[in-house]
There are 2 protein chains.
Amino acid sequence: MAVTISDVAHAAGVSKGAVSYALNNQPGVSDATRGRILQVAKELGWKPSLRAKALSSAKAYALGLVVARDPKLLGTDPFFPSFIAGIETTLAEHDYTLVLSVATAPGAEERAYRKLADGGRVDGVILTDVRHNDSRIGLLRELKLPAVTLNRPDADSPFPAVSMDDTDGITAAVEHLLALGHVRIGHVGGAPEYIHGRSRRQAWEAAMAAAGLAADLFAEADFTAAGGVAATAELLRRPDRPTAIVYANDLMATSGQSFVQAQGLSVPGDLSITGYDNAEFTQYLNPPLTTIATDPMRWGRVAAQALLDQLNGTHSGQDTELQAPSLLIRASTGPAPSATTKPVPQQSP
Amino acid sequence: MAVTISDVAHAAGVSKGAVSYALNNQPGVSDATRGRILQVAKELGWKPSLRAKALSSAKAYALGLVVARDPKLLGTDPFFPSFIAGIETTLAEHDYTLVLSVATAPGAEERAYRKLADGGRVDGVILTDVRHNDSRIGLLRELKLPAVTLNRPDADSPFPAVSMDDTDGITAAVEHLLALGHVRIGHVGGAPEYIHGRSRRQAWEAAMAAAGLAADLFAEADFTAAGGVAATAELLRRPDRPTAIVYANDLMATSGQSFVQAQGLSVPGDLSITGYDNAEFTQYLNPPLTTIATDPMRWGRVAAQALLDQLNGTHSGQDTELQAPSLLIRASTGPAPSATTKPVPQQSP
DNA sequence: TCACGCCACTGAACCGGTTCAGTAGGCTCT
DNA sequence: AGAGCCTACTGAACCGGTTCAGTGGCGTGA
């Protein structure tokens, strides 16, 4: 931080202003002078102070991301690392940085947003894990913090959204199971306070309806492993228990599969299973999990770009729709078992 | 950002300086005036501009973390989310924020550190995944960026370290296997360019030596799933193939276990397996994985505190040693098979 | 009662950039 | 040749804090 713009100006024999113009490619200096200034700046190893820039241009040169998930859950979710890597690829080209906040405790989330907004630490935030009637929309409005949401919130939101439709993936999963002869296809839903929990359920319901089937084999869970087990157990107790279950995420599918096998049932012999997310570890399960692969990296890249566009006023105002996720067929799905329902054994054989 | 310190000063009928003193609990104002200023500031809803603070006090009020891992790998590793959450709990009390950088492409890592240092975006960084002869030590020295390393680098490092010894965990795993009657205990090592890849290998070697056994069943890998499979295959081809394998991380253990089972061997019947990290999903494998549980959250908390201490000059200069990780015994380890070595089947039965 | 010291506060400089109003000098046009 | 205009640049204000030298008023001691 030793060499400042004044040093460069002095060394080049011009004023601070001229240096500023020269280095920001602004008119007001001749090409010859510009060249000389750039040359001198380079020789002196001048790096503009972001702090000074931030103060005078009233920008923070940083974007914020508040993650309000249990760290345990985060560690099993392939979404965030890739998503953040995607954000990073965009930011790398625009000298912006990412300020990350992990807020676990209740109330910590709102505090985190206030902290980012209050001192002007960030110019905008990316909203993930959007919830039903998400209170953060109002909060960000109050804080006057520009934002981009991942998927369009169900409440009224003034912020542009970058969406990736769950529908196609879930529909593909259901159709895949139908093609395998399944009729009793259940769904273990994610937490309904999240809009992606809801939309996946709705997609499953719609796909069932399209096939002329009742969407009654539903059990609500919360995206956690324990929730997946409980919901699976509930579905297996049904007299008309499913021959296939579409889970709202990989973690529930994984714990569900593990539970089902511990009950002495075979996957996919007795029960076919699909997940959602394509977590790296799912290909090493026994059997490897059929799941739905999204593209979080691209999502991050596009969301960051949308936010930057919004900040410098070049955003169209339109929502962006990303390519739909795709079904990845592995060995946890197979032909529907014969019509007679095998009872759930009490003990593993 | 509407209300500034001048507004407060004007409203309270004092000078900017007085307001600054009052709000930073510095001497120079009477208690009465201080109270009045605080009152007025509160009424006006004044929040100090971090940007201005950063410029005038020559601090960034931010810590940096550069993660140079493949996002795919990151998604399976429970370490970072918890670690970052730990950092966050410390930062929450000290109006500092965390600037995160994910650098995947080659060369991107150094660029990331330079980006953080150049504009003075952060006051210091936390170094994770320390490598053998880590070039970042020299880089940070050149950039004059304070740092804290996770574990002590093997090269000369001027930075305080916060360490969690791998040795005890690996030793416990080996001893657990010995107690189960295993003698041919192999190790699938992590990438040797990482010091935790090396130290885990050394710990395994030491534990074997302590039991009077040769540490020859070693296969080098790279912490990835594919690497785990290849190394496992290599060990299984040995004439004296192991009856137990200690893996350097969960992902390799997971893919290794999956591979072993696909070869028609039983876990733990034919081969016992241990992992490292205690990733959430490992308890849902079949069988659930015996692994070593660390405490990344605490690591993050302590590392952030150490860095903050260093920044305000209150750091002791001593390395911090965290509590050793503990062995979590699950079902992937069991009694050693009888002495006759079962051949590796060519096909699953 | 006067000198002295201290407390409480002010005013201004400063951090390192950006930006705007102002100006010198050269060129064109008539 | 003089008016007018544009280009290239300067100097200063400004962003919103921190910090330091300076000052006025009050209390204290001799």
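Here the structure is a predicted model, which is why all the values come from computation and not from measurement. Convention: sequence-line order gives letters A, B, ...; per-chain numbering from 1. Heavy atoms only: backbone and side chains are in, while hydrogens, waters and symmetry mates are out.
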Side-chain N or O of [X] versus OP1/OP2 of [N]: is the shortest distance under 4.0 Å?
{"X": "A/Trp46", "N": "C/dG16", "answer": "no"}
{"X": "B/Ser49", "N": "D/dG17", "answer": "no"}
{"X": "A/Ser56", "N": "C/dT19", "answer": "no"}

Quiz prompt | Distance-only donor-acceptor test (3.5 Å): side chain A/Lys16, base C/dG16 | solution = no
Self-check item: Base D/dC20 paired with B/Tyr21 side chain (donor-acceptor, <3.5 Å)
Solution: yes
To the nearest Å, give me how far apart [atom1] ([X]) and [atom2] ([N]) are.
{"X": "A/Arg34", "N": "D/dT7", "atom1": "CZ", "atom2": "C1'", "answer": "13 Å"}
{"X": "B/Lys47", "N": "D/dG17", "atom1": "NZ", "atom2": "C1'", "answer": "17 Å"}
{"X": "B/Asp7", "N": "D/dC15", "atom1": "CG", "atom2": "P", "answer": "11 Å"}
{"X": "B/Asp118", "N": "C/dG17", "atom1": "CG", "atom2": "P", "answer": "12 Å"}
{"X": "A/His10", "N": "D/dG11", "atom1": "NE2", "atom2": "C1'", "answer": "16 Å"}
{"X": "B/Arg36", "N": "C/dA8", "atom1": "CZ", "atom2": "P", "answer": "13 Å"}
{"X": "A/Leu50", "N": "C/dT18", "atom1": "CG", "atom2": "C1'", "answer": "14 Å"}
{"X": "A/Asp31", "N": "D/dT7", "atom1": "CG", "atom2": "P", "answer": "13 Å"}

Quiz item: Side chain of B/Ser20: nearest nucleotide among C/dT18, D/dT18, C/dG16?
Solution: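 Taking heavy atoms from C-beta onward, the closest nucleotide is D/dT18.
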Quiz item: Counting side-chain heavy atoms from C-beta on, which of D/dG16, C/dT10, D/dG11 comes nearest to B/Val14?
Solution: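 Nearest to the side chain of B/Val14 among the choices is C/dT10.
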Exercise. Could you tell me whether A/Ser30 contacts a base, only the sugar-phosphate backbone, or nothing, with contacts defined as non-hydrogen atoms closer than 4.0 Å?
Key: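 Sugar-phosphate, backbone atoms only, no base.
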Quiz item: Heavy atoms under 4.0 Å, any strand shown: does A/Val19 hit a base, just sugar-phosphate, or nothing?
Solution: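 Nothing: the residue A/Val19, judged by heavy atoms under 4.0 Å, touches no strand.
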Self-check item: Given DNA chain C, 5'-ward residue of the pair A/Ala18 and B/Ser15, judged by closest heavy atom
Solution: B/Ser15
Exercise. Would you mind telling me which residue lines up with the more 5' stretch of DNA chain D, B/Leu55 or B/Gly17, judged by nearest nucleotide?
Key: B/Leu55
[X] side chain to [Y] main-chain N or O, any donor-acceptor pair under 3.5 Å?
{"X": "B/Trp299", "Y": "B/Gly86", "result": "no"}
{"X": "A/Asn133", "Y": "A/Ala155", "result": "no"}
{"X": "B/Asp309", "Y": "B/Ala306", "result": "no"}

Quiz item: Measuring from B/Leu38:CG to B/Thr33:OG1, what's the distance to the nearest 0.5 Å?
Solution: 10.5 Å
Exercise. Output yes when A/Arg114 and A/Glu142 qualify as a salt bridge under the 4.0 Å nitrogen-oxygen rule, no when they do not.
Key: yes
